[in-house]
Structures are given as C-alpha cells and as structure tokens.
Number of protein chains: 4
Amino acid sequence: MERTARREQVLKCAVRVFSRKGYHATTVSDIIAEAGVARGTFYLYFKSKRNIFDELLDDYLQRILSQVRRVDMSEGAEPPLDQMRGEVERILGVLLGSRELSRILLHEAVGLDADFDRKLDEFYSRLAALTEGSLRLGQTMGLVTECDVRVASLCIIGSVKEVVDHLLIEPDALPETSILAEEVLNIILGGLFVPSARTRPAQAP
Amino acid sequence: MERTARREQVLKCAVRVFSRKGYHATTVSDIIAEAGVARGTFYLYFKSKRNIFDELLDDYLQRILSQVRRVDMSEGAEPPLDQMRGEVERILGVLLGSRELSRILLHEAVGLDADFDRKLDEFYSRLAALTEGSLRLGQTMGLVTECDVRVASLCIIGSVKEVVDHLLIEPDALPETSILAEEVLNIILGGLFVPSARTRPAQAP
Amino acid sequence: MERTARREQVLKCAVRVFSRKGYHATTVSDIIAEAGVARGTFYLYFKSKRNIFDELLDDYLQRILSQVRRVDMSEGAEPPLDQMRGEVERILGVLLGSRELSRILLHEAVGLDADFDRKLDEFYSRLAALTEGSLRLGQTMGLVTECDVRVASLCIIGSVKEVVDHLLIEPDALPETSILAEEVLNIILGGLFVPSARTRPAQAP
Amino acid sequence: MERTARREQVLKCAVRVFSRKGYHATTVSDIIAEAGVARGTFYLYFKSKRNIFDELLDDYLQRILSQVRRVDMSEGAEPPLDQMRGEVERILGVLLGSRELSRILLHEAVGLDADFDRKLDEFYSRLAALTEGSLRLGQTMGLVTECDVRVASLCIIGSVKEVVDHLLIEPDALPETSILAEEVLNIILGGLFVPSARTRPAQAP
DNA sequence: AATGAATGAGTCTTCATTCAT
DNA sequence: AATGAATGAAGACTCATTCAT
C-alpha cells in the first residue's frame, strides 16, 4: 500500500478508537487491531501513541480555526450580524460533521497532560481573540452592547462547546444544525431576558 | 491519628496532587508522599485510586448542586431575576473558591473513562434541568424570551464553565467575582446585540 | 526481607547472570528468575537494567583501585621492588578472586556504550597514572630502566588483563596466583631477553 | 552496480558505523543509511546483521594472522631478535593502520556473544601459540630467559592490545609507530628493572 | 539488481494493589 | 492504626528480517 494512503488509514482508525475509548484507555494494540496492521507498521508512520494523537488533533484544530474569519467591513460585504451568524453556523457544522473528532477535542484531549493543556489553551485563546475582535468591531458600529468583550467571547465559545458536547451524547436532543445556530445566536447574542426585564436595560432605543 | 481526621487529610492531599498533575499522571505514590503516610495506610481509607477520586469529586458535585435552587415564586420572595443572578453568583463563588477542585472538575475529570463520563453527564443534566425549570418559569411570567430552553440552559452552563476555566489559568484576567457574575448575566441573559439590531427582534416593545 | 539484604541478593544474582550471558543477552527476566523475585521487586531496588550493571561494576572498579597504592619510599618501608610485586599480586588476587566480576569487567563491560567506555577509560587512566608514578620513582632510584613510562604502564596493565582473561577461560592453564605474579613480574619487569641479547643493551653489567 | 563492488561498499560502510556506534547500537538502518542502499539490498548481500559483522571481523583476523610468521632459523635468515621486533612492528602497523577495524576488534567484538567469544578466543590462542613457538625457540638458542612461555606470550599480546587501544582513543599520546614498537619490545622483552635490581637475577651470563 | 512497506517477536518499565509484620 | 516490601499484569516501543513489486 502507498505510504500516504496507509498513513491516512491508520490515522482514521485511531480517531475511531480514541473517540470510542478515550486516550488512556486506548492501547496501540487497539489501534492496530482496528486498522488491521502489524505493530511495527504503526511505528513506521507514527513516533508514538502520543504523537498520533497530537497529529490528529492538530489537524482538527487547524481545520476549525480555518473556519473563523474576521468580520469583513468592506463596502458591499454581508451585514456584520449575518457574518457572525454564518461563523457560528460554520463552526457548528464542522464540529457536528466530525463527531468523533469533536468528542476527542471536548473530552479526551482535556486534561491529557500539561503540554496538551497548553496547546488547547493556545487554540481557545486564538479563537477568543478572533471573536473579541469581531465583537469590538460590532461595538464601534453600535450593533453590540457595551460589555466586557473578553467575557463575552468566553461565553460564546463555552456555549458552542456545551451545545456541541450535548449533541455528541444525544444526537437528536436538539433541533437541526441550521436552526440550532439560529437559536444559539439568539440566545447568546440576543439575550434571554425580554428587554423590559433586563437588569441594566440595554440601551433603550 | 483519629480515623476521620486522617481520612480528611489524605483526601485533601489527593485534591492537591490531582489538581496539579491530573488523574492519570498522579500516582498513589504521589499522594502518599504528599500526605506523608505509608502506602498501606492509603488503602486503609480508600479502596483504590479511582475510589478516592470518585469520592472527592462526588463531594464537590454535591456541594455545587446544593447551591442551585429552584426559583421561588411564593409571595414575598426575591424578584425572580435577582434570584437567578444570585444563583450564578453563588455558583461562580463556589467554583472560584475551590480552584483546585474546579480544575479537577473541568480538566482532570473530563474523559476519564466511560463510568465517569456518565457521572458528569448526570450532574450536568441535573444542573440543566434545574436551569431549564427556572427559564421555563420565567417564560410563563413573561420575563424570558421565547426560545429553546434546553439550548439556553446549555449556554448558561457552558458560559460559566468557560469563564471559570479561564480564570483558573489566568486568575487576574477578568473582573472580580461579583462584577463578573453581573457581566456574565448581562451577556448571556441580556444579550449582546442591541435590541434594534437583533435577528428576530425579540418582542418589539 | 530487609531492604539491604534483598538488594544485595538481587545484585549478586545479577552478577551471576551478567557474567554467564553477557550484558545484552541478559534480560531483566533472567535476573529476577535467578533471584526468585517478582519483576516489580527488581525495579524497587534498581532504576533499570543499565543501572544495576553500572552499580555492580562501579563497586568492583572501586574495589580494585583501592588495592593500588603508591610506592612508599619512607624510611623502613618495604623495598620498592617488593612493593610493586605485592601490588601485582594483590590485583591478581582480587581479579582471580572474583572471577564473575572480572569476566564482566574484561568482557561484558567492553564496548557496552559510549558512556561506559568513558567510565572504563577513566578507570584505566587512573590505574595507569598510579603505575606511571611508581615507575618514575623507580627510575629516579635507579631501579627501573630508562623508558617511556606511559608505554610501560600500559604494558603492565595489558599483561595483567590478558593473563587474567586467559585464566577466566581456562582456570588451570597457568601456575597458581602467587607463582603467577612472580612470573608476570619477571617477564614484564625483568624482561624476556637475556641481557646480552637485548636490542639496546640496558645497562651492560 | 556490480555485485562485488556493491558488496564491498556496504561492507566498508558497516565498518564505519560499527566502529562509531558499536555492534549493538548499530542498526541495519544505520548501515543502509550510510551506504545509501535500500533495506532489501542489504539482505541481498548479507544474511544478517550478525553475518556482516562476522565477515568483516573474520577478514580482519585473517589479515592480522597473516602478518605473524614463525621465526625463521634457516641459514642466512635475519637475526631472530630482529625478526621478533619486525613481527611486533608489523602487527602494530596493521592495527594502527586500520583504526576502525581495530576499534571493532578490541571493543565491539568483545563480549558480543558466546559464539563470538569462542572465535576471538581461538584467534588469540593461535596468536599465542605462534608467539610461544618463537619464544621457545629463542630459549633453546639462549636468547630468551627461562620463563613460562605461555605467560610470556600472553604478556606480549596483552601489551600490544593495550597500547593499541590507548592509541585509538588518544592518537597522539604516544611516540610514532616504529619508535613505539622499539619501546614496547624493550619494555616487554627487555624488562623494566635494571639487571642488578631484579628479583631472580635473569641468568647472569 | 534493487526497493521499501510490512511484520511481530521480544524487552523494558510502570504502578495499582496486597499482605505479613 | 500503620507500615512498606513484594507482586505481576499491562503496555509502549524497537528492530532484524521478509517479500511482493
């Protein structure tokens, strides 16, 4: 078999097993059994169990980040709010489209070890930075309420994570992706309280 | 030393070590070294490494749940909105008051194994159920916008988790707890968009 | 069993096995089988297979070096020549008294790896330095011929090694230790050629 | 590439690597990387890693042995003493001329395994037998002192090994080859002690 | 004649748990 | 109530060798 094909195959099998059993419970034996290759073959393509996990998640993080764009303010671009909704939709799409990888991201990769925590940290920081940027921009345009954008971006990220996580466990518990995105957006961004009930009335018109 | 005191001491040390190194990286040797007891002593009080972790987290989950109350609608009770704000404040307080345990809850306990995932699942489900109840109530009272309360409760929980997690890593990154609770509430519950900018205008006044 | 006793026992067994099978052919399984202990017990006392080998040989090198004394020139001391003979005898005695360790020193430890080579190197250098010192002293006293003492000390060391090595293979091939020491001394130090036949007649009588 | 040429090339590369890293630390991968051939190619020319090492050392042992001649007593031959000096010089020459192979012989081949030890043993035995023969002859001619020739030959061999070994580590530590041979001969054969100081006066003429 | 992907037996090492004192 | 020596199952990783192309 060709080098890249075999590599890809083993990687795919590893995703499956890691997602099913978790990082620690997964043994190299499990992976090679799933892939139907010999022990040595595994090490022909990956330096270690840790290494294949790294790689697999790095790819995924990359893929997710690539979906996040800065809000485009240029003439004729989509309305900023629609852009943000699109963002959330796209990310939800990626996460729910690769359930196994998402499970790994949200469950198995958490608390793996110090190095990995750092890596995830950086990922979420970057995500947060991008989100903050968009929010800040929205504020200058008068579309987003005055608030601590750092906290706000954490809320958006946390909400998406929690919703996705829930859907990984009970796939049919919530509405379909596109509706869901809409819903999440309305809740997080639009607020739960009816305007008149708000603590600090958010800028009455 | 007295049975309960010793037990408590070992438990406390275990929290420290688990928080610092994570569940898998922590060995029983680490724990007994921290506690300054012999190996045998550990097993005198706890059935296994897994068992002490269980116990320690169960206690914590219990403590957190005890902070969550159903919204009280009886005559003369606090205004519902204030109650919810109090809820979030109390939970944030507990989580940020026990940083080590929170670290364990949010990092080390995640993806530990199937059994544990189930346990956490149940915990978050219960939390969500309570939250949903309050939200639903708010809706009947016209205080909460029409929305999928299941999604909304996930957003609230996810936001709190994410904010706390961030504060565990960088303790001084965000405003002080009480202000933070206010902020989180305004963002999640009050919404980010200024009312006039909302996708589906939530109840035009 | 007491810590030191058990440690000593395992060490002794390791010597036996290493001597019999060589470093690389010896597995930890071999050692624990010989010692009749469990796998974990081995690692309770020694960090690794390499580590037990190190320790075992370090001890031996130490023991050998402790036998080498500088020639004592003070009033009333033994005649220098007798001292040197005593030296050779003592060393031969140690080496032939611990055949297994000597086998390890001369066979298994050679070419083990770069680190070990360095260690042996340093050992032989120290041995050579001590020998050179004695020879140089002998020269100033007119007892030792003019020659390159560095070469001479290498010859002495090499001769002892070769003789011992031979005796490890065929224990009864050569005369008994004390006679052997005498013989080696006469040959190395006294020379093989009858004086009149020497290349550069060393001090015609 | 032609069969013999390719074979020779791989062999040469193997010498280099074995000398640098030692037998055990050298992997077949190292050798083929050095030679720039594919894995399969290696096994086209050599049965195994062990086999190429065998071959390489066998060749060398052969080459060394071929330098050792019985002392020629026939009418008109060189004086026996000069012949012996020539012997030592030639052997030193060969050993110092092929430093990598000598390193392998003196370091990596020692204690490799039982089979190999036997092979080396036989080599040194043959060398010793030849040397003993010459010494015995020297004795009958009155040129060599009365002594145990078995011990004497071991001393000669051991001295040469040690001196060469030292020179492999520090190439410039000792005098140049030809002078060195002279020196070694004078020391081993001629003796270190001035005649009057000898234990058992070596047969005063 | 050459390649290099695949194999799997073989070892070291870790660590939770037990139990005699 | 406490100790700590002993256990052994489990798992990661290496590398010489084979064989289809």
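By convention in this document, chain letters (A, B, ...) are assigned in the order of the sequence lines, proteins followed by strands, and residues within each chain are numbered from 1. Note that the structure is a prediction, hence the values are computed from the model and not measured.
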Do C:Glu34 and C:Arg20 sit within salt-bridge range, that is, some charged N less than 4.0 Å from a carboxylate O? yes
Salt-bridge criterion met for D:Lys119 and D:Asp58 (N-O under 4.0 Å): yes
So C:Asp115 and C:Arg118, do their side chains get closer than 4.5 Å, heavy atoms only? yes
Heavy-atom side-chain contact between A:Val10 and A:Ile52 under 4.5 Å: yes
Residue D:Val37, side-chain atoms from C-beta onward, closest of E:dT3, F:dT3, E:dA5: E:dT3
With the side chain of C:Leu44 defined as its heavy atoms from C-beta on, choose the nearest nucleotide among E:dG8, F:dA2, F:dA6. F:dA6
Under a 4.0 Å heavy-atom cut-off, which of residues 5-16 of chain B touch DNA chain F? B:Arg6
Would you please test C:Arg16 and C:Glu100 for salt bridge (Lys or Arg N to Asp or Glu O under 4.0 Å) and show each step? CA-CA 7 Å; C:Arg16 216 155 33 228; C:Glu100 286 173 333; 5.4 Å; no
For B:Tyr124, what residues pass the ring pair (Phe, Tyr, Trp, His ring centres under 6.0 Å) criterion, not counting sequence neighbours? none
Under the rule for ring pair (Phe, Tyr, Trp, His ring centres under 6.0 Å), what residues qualify as partners of B:Phe53, not counting sequence neighbours? B:Phe18, B:Tyr23, B:Phe116
Can you list every side-chain hydrogen bond (donor to acceptor under 3.5 Å, both in side chains) pair that touches residues 43-52 of chain B, not counting sequence neighbours? B:Arg50-B:Asp54, B:Arg50-B:Asp113
How long is the span from the CG atom in B:Leu168 to the OG atom in B:Ser19, to the nearest 0.5 Å? 8.5 Å
Calculate, to the nearest 0.5 Å, the distance between atoms CD1 and CZ belonging to D:Ile31 and D:Phe46 respectively. 9.0 Å
Between the side chains of C:Arg39 and C:Ser29, does any donor sit under 3.5 Å from an acceptor? yes
Determine the contact category for C:Phe46: base if any of its heavy atoms lies under 4.0 Å from a base atom, sugar-phosphate if only primed atoms, P, OP1 or OP2 are that close, otherwise nothing. nothing
D:Glu2 vs A:Tyr45, nearer the 5' end of DNA chain E by closest nucleotide: D:Glu2
Grab the CD1-C1' distance between B:Ile32 and F:dA5 for me, whole Å please. 12 Å
End-to-end axis angle, where each axis spans five pairs of the helix from E:dA2-F:dT21 to E:dT21-F:dA2, to 10°: 10°
Letter by letter from the 5' end, nucleotides 14-21 of chain E scores (B base, S sugar-phosphate only, - none; protein heavy atoms under 4.0 Å) BBSBBB--
